[in-house]
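Take a look at the structure below.
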Amino acid sequence: MDNLSFIRSFTRKATAACRKKQVPRIAAKGLHHAGFPVGYFVRNLMLLAAEPRWAQKPPRLKRIKIVRLLQERSRFFLQVHEWLDRHDTGKLDNLSEGYGNQGGQDDAVSVDTYCIHCGGCCEIACGLPDFPAESIIPARWQRIFGEGLGENHRFCPFLWEDRPSGGSLCSIHPWRSRPCRIFEAEECRFLLDDPEFKKLSDPVALKKVYRLLLRLIDAR
Ligand code: SF4
Ligand code: SF4
C-alpha cells in the first residue's frame, strides 16, 4: 500500500471511529479537509516514539495523548481554514498552486529549483514570532507560532499538506514570519543531508507508524 492509500485508509478508520464516538468529532472533521497534514502528523508520532519519555508511557496513555494531539491539531487547522476562507484569499481553491513552502526571499537561487516540498524546514514545534509589520496574522496566532501548539506537537501549527502529492504547504505563506524567509538553498541542502532527518522519510518506518495509528484510532 502506498502512502496515499495509507492516508485514505487512516481517514476512513478515523471517521468510523468517530461515529463510534472513540475519537472526538473535531478530529475527524479536520482529517477530511484537503490540506490537513496527516503525513506530518504521522512523522510527529515518529519523533515522539524516539523520545525516551514517550516510550515509557503505557499504551493506553499514549492513545489518549495521540487522540488529543489529533484533536488539537484539527481544531487549529479548522480555525486557520475558516480564517483564510473569511479573508477570501482565494488560496483554498487550489492548494497546490496557492501555497508555498518556507522559501527564502533574498536568495539568488529560486526556491523552485531546490525545494521538493519535503516539509522538513517546517517540522519545528515553534519559531521566532518575528512577523513583518504588514502581516495580518492575528496576535494570538503569532504567539502560537512562537510557543507551539502544545505538549507533544512537533511541527509548525501552520504546516499543511498537499493531499495528492503529500508535499508541504505553508498555509500563511504571504504573511509568514521572517525566520521562515531566511531558510534558503544552503540551509535546505544541510537539512536534507542530515541522517536523522532522512530517517523520517523511511517508507518502512512511516508505514509502521501509520499501522500503529490505525490500531490506536480503532481501539475499542
Ligand atoms: S509559518 Fe509556514 S513557512 Fe514558516 S514554519 Fe510554518 S509552515 Fe513553514
Ligand atoms: S527543507 Fe528544503 S526541500 Fe524541504 S520544504 Fe524546506 S526548502 Fe523545501
Side-chain angles (χ1 to χ4, degrees), residues 3 30 33-44 46-47 72-81 83-84 87 89 91-92 95-150 153-203 206:
N3 275 355
H33 273 275
F36 186 82
V38 183
Y40 297 106
F41 186 80
V42 168
R43 274 159 57 153
N44 190 148
M46 287 173 78
L47 288 169
E72 289 164 353
R73 179 66 61 178
S74 180
R75 183 176 292 117
F76 191 73
F77 170 87
L78 292 168
Q79 283 171 12
V80 176
H81 197 282
W83 181 84
L84 287 169
H87 282 76
T89 59
K91 302 289 189 195
L92 297 173
L95 289 173
S96 303
E97 288 176 11
Y99 289 71
N101 69 313
Q102 288 200 338
Q105 60 180 14
D106 302 326
D107 211 348
V109 186
S110 161
V111 66
D112 297 331
T113 61
Y114 62 86
C115 180
I116 54 170
H117 289 265
C118 74
C121 50
C122 306
E123 282 184 300
I124 47 170
C126 54
L128 188 67
D130 179 16
F131 287 82
E134 67 274 15
S135 176
I136 58 170
I137 300 301
R140 187 175 77 86
W141 290 2
Q142 295 194 19
R143 267 201 312 280
I144 289 176
F145 179 79
E147 295 166 9
L149 208 45
H153 287 278
R154 298 288 181 272
F155 64 98
C156 175
F158 299 103
L159 177 57
W160 287 13
E161 186 174 301
D162 178 38
R163 191 62 63 85
S165 70
S168 62
L169 301 166
C170 171
S171 57
I172 55 162
H173 188 70
W175 313 287
R176 67 202 188 286
S177 174
R178 284 196 186 90
C180 305
R181 298 164 195 253
I182 56 171
F183 190 97
E184 299 177 316
E186 194 182 337
E187 291 81 11
C188 173
R189 264 196 310 276
F190 187 78
L191 179 63
L192 296 187
D193 284 343
D194 180 350
E196 285 304 308
F197 177 67
K198 282 182 184 166
K199 281 187 199 164
L200 284 175
S201 306
D202 172 17
L206 268 174

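Ligands are counted one by one from 1 in listed order, and the atoms in each one are counted from 1 as well.
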By number and element, which atoms of ligand 2 are closer than 4.0 Å to a non-hydrogen atom of [X]?
X      : result
Gly119 : 4 (Fe), 5 (S)
Cys121 : 1 (S), 5 (S), 6 (Fe), 7 (S)
Leu191 : 1 (S)

Exercise. Is the centre of the Phe76 ring less than 6.0 Å from the centre of the Phe158 ring?
Worked result: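 Ring-ring flag for Phe76/Phe158: true, centres closer than 6.0 Å.
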Exercise. For atom 2 (Fe) of ligand 1, does an N/O/S atom of Cys170 lie at less than 2.8 Å?
Worked result: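 Here the distance criterion (N, O or S atom, under 2.8 Å) is met by Cys170, so yes.
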Exercise. Measuring to atom 4 (Fe) of ligand 1, does Cys180 have an N/O/S atom at a distance below 2.8 Å?
Worked result: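 Yes, Cys180 qualifies, because one of its backbone or side-chain N, O or S atoms lies under 2.8 Å.
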For this session: Could you pull out, from Cys122, Pro37, Ser177, the option with a heavy atom nearest to atom 8 (Fe) of ligand 1?
Result: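 Among Cys122, Pro37, Ser177, the closest heavy atom to atom 8 (Fe) of ligand 1 comes from Cys122.
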Problem set entry | Residue from His33, His81, His173 passing side-chain contact (heavy atoms from CB on, under 4.5 Å) with Trp160 |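 Single side-chain contact (heavy atoms from CB on, under 4.5 Å) partner of Trp160 among His33, His81, His173: His81.
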Exercise. Quick one: does Ser177's side chain have a donor or acceptor within less than 3.5 Å of a partner on Pro129's backbone?
Worked result: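 No, the answer is negative, given that no donor and acceptor are paired below the 3.5 Å cut-off.
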For this session: Please round to the nearest 0.5 Å and tell me the distance separating atom CZ of Phe131 and atom SG of Cys180.
Result: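 One finds 6.5 Å between CZ of Phe131 and SG of Cys180.
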Problem set entry | Spacing of Leu149 atom CG and Cys156 atom SG [to the nearest 0.5 Å] |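 Interatomic distance, Leu149 CG to Cys156 SG, rounded to 0.5 Å: 9.0 Å.
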Problem set entry | Which of the ligand 1 atoms, numbered from 1, are nearer than 4.0 Å to a heavy atom of Cys156 |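 In order of numbering, the contacting atoms are 1 (S), 5 (S), 6 (Fe), 7 (S).
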Exercise. Within 45 degrees of the axis of the six-membered ring of Phe145 and under 6.0 Å from its centre: does Arg176 put its NZ or CZ there?
Worked result: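 No, Arg176 does not sit over the ring of Phe145.
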Exercise. When you look for heavy atoms under 4.0 Å from ligand 1, do you find them on the side chain of Phe145, its backbone, both, or neither?
Worked result: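 Just the side chain.
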